[in-house]
Every structure is written in C-alpha cells, then in structure tokens.
Amino acid sequence: MGATFRLAWRNLWRNPRRTALTMCAIAFGAVLLIFSIGLQLGQYDMMIGSNVRIYQGLLQIQHLGYLTDPKIRSSIPNILALTQQVRDRTGLKNISARANGFALVSSAKRTYATAVVGVESAHEQRVSTLPGLVKQGRFFSADNANEVVIGAALAKNLQVALGDELTLLGSARDGAVAAAVLPVVGIFESGNVDLDRSMIQIPIATFQDVFDMEGHGHSIVIFEEDFKKAALFKSQVIQALGTQAELVVLTWDQLQPGLKEMIDLDYSAGWFMYIVLVAIITFSILNTFLMSVLERTREFGIMLALGYKPFNIGRLVMLEALILTLFALAIGIAIGVAINAYFYHYGLTFQGMEEMAKIYNLPASIKPQMSVNAILSGPALILAFTSIAALYPAMRIRLLSPVEAMRKI
C-alpha cells in the first residue's frame with residue numbers, strides 16, 4: 001500500500017499547475033461552505049435565542065393541555081411555592097411564574113381586547129427582556145402593586161400615556177366578573193408589533209386577586225442561554241416536579257412549532273443551494289480527473305500489457321483523487337475554521353444592526369456556529385461528490401484494450 005500511495009502522490013505532481021488549481025477549487029469550495037453553513041446556523045441560533053429571550057423562555061411548565069386549549073381554569077395550584085421549589089431543586093435561578101388571562105381594556109377614549117399577563121416583579125427580568133425594554137416609566141415595584149405596563153402599540157391605540165388609568169373587564173377563574181382600574185406606570189417596546197399591541201402585564205399577586213385565582217397561575221418560565229441543552233434542563237425540571245402527572249414541561253420548539261418549521265424549511269432550502277454549488281465544483285474537478293486519465297492512456301496500456309489488472313489501475317486513479325481531495329479539504333477546513341473563529345470572536349455586523357440591537361435589547365452581531373456539523377458537513381459533501389466523480393475516469397480504464405491504448409500518442 002505504501003508503494004501505491006507513493007506512486008499516486010508522484011502522479012499527482014506530474015502536472016503541478018493543474019493539481020494546484022484543482023486543489024484551490026476544492027479548498028475554496030470547502031471554505032465557502034464552512035462559512036455559509038456556520039453563518040446560517042448562527043442566524044438560527046440568534047433567531048431562537050431572541051425568541052426565547054424576549055418573552056417565551058427556553059422551557060415552560062404548564063397544566064396538561066393548556067398549550068392547545070388555554071383556558072383560565074387549566075391552571076397550576078400554589079404556583080409561587082412550586083416555582084420556588086423548582087428553583088431550589090434544580091439550582092436554576094432564571095425561573096419566574098406567570099398567570100394568563102384575557103380582558104377588555106378601556107381608556108377614556110377607546111377599548112381593546114388584549115391578553116393580560118401576571119408576572120413576578122423580582123424574577124420576570126431573569127426570563128424576559130420586556131422589563132428592560134420599558135422605554136417610558138418603569139417596571140413594577142412589587143408583586144401586589146396596583147399597576148399596569150403596556151406595549152407601545154397598544155398605548156398608541158388606546159391613546160394613553162404614563163399615569164393614565166386603564167379599566168380591565170374580563171372573566172375570573174370561577175366565572176365571575178374580573179374588574180380593576182389600574183394606572184399605567186410603564187410602556188415597553190419589544191420590536192414585535194403584534195406583541196406590543198396585544199398584551200399588558202400586571203403584578204402576579206394583583207392578577208390573582210383580580211381574576212380570583214386563589215394562588216393559581218398558568219406557566220412557570222425557565223430561561224437559560226444555552227438552548228441546545230434544553231433536553232438536559234427539561235429532565236432536571238421533571239425530576240424537581242416529582243410525581244405531578246397533571247403538569248408538563250415544554251421546550252421552546254414545542255411552545256413555538258412555527259419557528260422550528262421555518263428553520264427546518266430554510267435549512268433544507270440552503271442545503272439545496274449547497275448541493276448545486278458542490279455539483280458545479282465537481283464537474284470542473286471531473287474534467288481534471290478525466291484529462292489526467294486520457295493523457296496517461298498509453299501508460300495504462302503498457303501497465304495492462306505487463307499484467308496489471310484494470311481494477312488495480314482504477315484503484316490507483318481513485319487513490320489519486322482521494323489524496324488530492326483530502327489534502328485540499330484539509331487546507332480548506334483550516335482556512336474556514338480560522339475565518340469562522342474570527343467572526344465568532346468579533347461578530348458579523350451589518351449596517352444599522354447595532355442601533356436596532358440597542359433599541360430592542362438584542363445581540364448586536366451574528367456569530368457563526370462553531371460546531372462539528374457546521375465545520376465538517378460541507379467538506380463531507382464535497383468528498384462524497386468528488387469520490388463519485390472519480391469513479392467515471394476509473395471505470396473507463398476497464399474498457400481499455402492494451403494494444404489500442406499503447407498506440408495512443
């Protein structure tokens with residue numbers, strides 16, 4: 001095998017210019033794929049991180065069936081005590097309880113139907129960026145404060161400002177009328193217009209009092225930066241809950257399946273483009289392999305006449321292609337990893353991105369993902385295509401006649 005390897009290596013450098021150009025094409029393709037795939041996966045990480053960070057959280061504990069049928073009676077009893085229990089048993093600190101309802105919200109001039117969310121004033125900022133996105137006024141002073149924070153779009157629709165009072169009218173947990181008059185102490189702007197005009201927040205104790213919840217709530221939100229460990233955190237939370245069959249722990253993709261489906265669709269479309277790119281590169285490489293075989297037809301004829309089997313000659317050609325591809329891919333991977341590492345450290349920022357990030361409390365740059373999948377999937381695709389491309393020249397050798405081949409000039 002050592003002699004075959006040396007022979008293949010020598011044959012590659014018979015025409016150093018052609019070999020070098022072919023290696024550059026393969027290496028460039030590898031660099032392009034590593035950067036593109038890493039950046040694409042990094043964008044997905046940013047999308048997921050932004051969604052779970054703004055409001056949703058990485059995990060949520062809910063009553064069984066509440067996600068598909070959010071009734072106010074499908075609630076979790078003693079939610080504040082259970083939330084503290086999960087904090088203590090898991091060691092996770094970014095956990096906050098919420099209660100959800102719906103109400104007609106009226107100002108002096110207008111009325112709108114909106115979601116009402118009760119939150120823990122001291123812990124909500126650990127699981128959501130909304131408290132940090134209050135552009136006017138402040139967040140809540142206590143869990144039992146008679147205060148309300150609303151989105152900027154809803155404030156505009158209701159024509160209210162800081163200090164104005166809102167009247168809430170909804171249905172309590174026991175079916176009675178839930179009503180309250182609360183002053184606006186804060187106006188947030190999340191960047192999501194739908195969220196800003198469809199939700200108001202009040203302290204959780206105030207919510208429980210207004211909606212007659214008797215200590216109940218609807219979700220316990222858990223946030224952690226590393227969303228790829230969602231399954232690990234989920235198992236810890238399930239253990240902390242113990243035997244409570246009526247409760248379920250949902251991960252971000254279960255809470256927002258539309259986002260997961262959009263990412264999967266975009267990823268599939270991206271891979272279609274990558275395959276087209278690799279196919280174009282492969283055809284140029286196939287031409288190089290084929291020219292190399294045609295130039296050595298007389299040499300192959302002599303080898304066949306001396307007793308070499310076509311299989312062994314074909315194997316030599318395949319080995320040459322494999323050595324060339326692997327050597328070029330090694331160079332491409334090294335350059336691609338270096339480029340991705342640079343942008344992973346410093347981030348990739350587009351014009352206007354920093355200003356938008358400051359406004360909406362989001363990351364100011366995109367960072368390519370530095371994972372085995374991001375680094376090796378593209379080069380693996382190139383290796384597979386080039387190996388298939390090398391089969392055709394190798395198979396042509398089986399059709400050679402030693403006498404006719406030796407007549408080639």
Side-chain angles (χ1 to χ4, degrees), residues 51-52 54-86 95-106 111-120 123-124 127-128 130 143-144 148-151 154 166-180 182 192 194-223 234 237-238 240-260:
N51 274 272
V52 302
I54 289 175
Y55 178 72
Q56 175 184 282
L58 181 64
L59 305 170
Q60 284 192 21
I61 303 170
Q62 295 181 357
H63 190 278
L64 183 65
Y66 180 78
L67 180 65
T68 55
D69 188 15
K71 295 179 180 178
I72 195 169
R73 294 188 63 84
S74 300
S75 55
I76 303 171
N78 300 316
I79 191 167
L80 294 179
L82 181 61
T83 303
Q84 188 59 47
Q85 174 184 311
V86 175
I95 302 177
S96 183
R98 287 182 187 155
N100 306 310
F102 294 92
L104 289 175
V105 180
S106 302
T111 300
Y112 279 87
T114 183
V116 182
V117 182
V119 300
E120 287 189 272
H123 295 281
E124 182 66 14
V127 300
S128 170
L130 288 184
D143 283 347
N144 59 354
V148 61
V149 172
I150 70 173
L154 182 59
L166 292 180
T167 301
L168 278 63
L169 187 64
S171 178
R173 184 173 179 272
D174 60 359
V177 175
L182 305 172
N192 184 330
D194 290 335
L195 183 65
D196 290 351
R197 69 181 172 210
S198 63
M199 183 184 71
I200 66 173
Q201 292 188 337
I202 63 177
I204 191 167
T206 304
F207 183 100
Q208 291 172 335
D209 181 54
V210 171
F211 287 86
D212 197 21
M213 296 298 294
E214 298 180 350
H216 286 234
H218 296 97
S219 61
I220 299 174
V221 183
I222 300 106
F223 173 76
K234 179 177 180 178
V237 173
I238 290 174
L241 291 175
T243 57
Q244 299 195 45
E246 73 280 4
L247 300 182
V248 292
V249 182
L250 305 173
T251 55
W252 70 267
D253 52 332
Q254 294 172 302
L255 294 166
Q256 203 165 7
L259 176 62
K260 181 67 166 58

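Starting from 1, each residue takes its place in the sequence as its number. Keep in mind that this is a model prediction, so the values were computed, not measured.
Residues Ile61 and Ile222 have side chains in contact (heavy-atom distance under 4.5 Å, counting atoms from C-beta outward). With contacts defined as side-chain heavy-atom distances shorter than 4.5 Å, the pair Leu169/Val177 qualifies. When side chains are defined from C-beta on, Gln60 does not count as touching Val248, because their heavy atoms never get closer than 4.5 Å. No side-chain heavy atom of Val116 sits under 4.5 Å from any side-chain heavy atom of Phe102. Using a 4.5 Å heavy-atom cutoff, the side chains of Gln201 and Ile150 are not in contact. Looking at heavy atoms from C-beta onward, Leu130 lies out of side-chain contact with Val149 at the 4.5 angstrom threshold.
For the atom pair CG of Leu182 and OG1 of Thr167, the computed distance is 8.5 Å after rounding to the nearest 0.5 Å. Rounding to the nearest 0.5 angstrom, the gap separating the CD1 atom in Ile202 from the CG atom in Leu168 is 6.5 Å. How far CG of Leu104 is from OG1 of Thr114: 10.0 Å, rounded to the nearest 0.5 Å. Within the model, atoms OH of Tyr112 and CG of Leu154 stand 8.5 Å from one another, a figure rounded to the nearest 0.5 Å. Taken from CG in Leu250 to CG in Leu59, the straight-line distance is 8.5 Å, to the nearest 0.5 Å. The line from CD1 of Ile220 to CD of Gln84 is 10.5 Å long, rounded to the nearest 0.5 Å.
For Arg173 (side chain) and Met213 (main-chain N/O), no donor-acceptor pair under 3.5 Å exists by modelled atom type. In this structure, Gln254 contributes its side chain and Thr251 its backbone to a donor-acceptor pair below 3.5 Å.
Annotation for Trp252 and Gly57: closest pair CB-O, 4.3 Å, computed over non-hydrogen atoms. The two residues Ile95 and Thr83 make their nearest non-hydrogen contact at CG2-CG2, 3.7 Å. Considering every non-hydrogen atom in both Ala178 and Val210, the closest pair reads CB-O, 3.3 Å. The two residues Asn100 and Ser219 make their nearest non-hydrogen contact at ND2-OG, 4.0 Å. The two residues Val86 and Ala240 make their nearest non-hydrogen contact at CA-CB, 4.4 Å.
Between Arg98 and Glu124, at least one side-chain nitrogen of the basic residue sits less than 4.0 Å from a carboxylate oxygen of the acidic one, meeting the salt-bridge criterion.
With no hydrogens or angles considered, a side-chain donor-acceptor pair links Ser106 and Thr111 at under 3.5 Å. Using modelled atom types, one finds a donor on one side chain and an acceptor on the other under 3.5 Å when comparing His216 with Ser75.
Here salt bridge (Lys or Arg N to Asp or Glu O under 4.0 Å) pairs that include residues 61-70, with residues two or more places apart or in two chains, are Asp69-Lys71.
Sparse packing is recorded around CG of Asn78, with 12 or fewer heavy atoms of other residues, nucleotides or ligands lying under 6.0 Å away.
Note: Phe207 and His218 have perpendicular aromatic rings, judged against thresholds of 30 and 60 degrees for the angle between ring planes.
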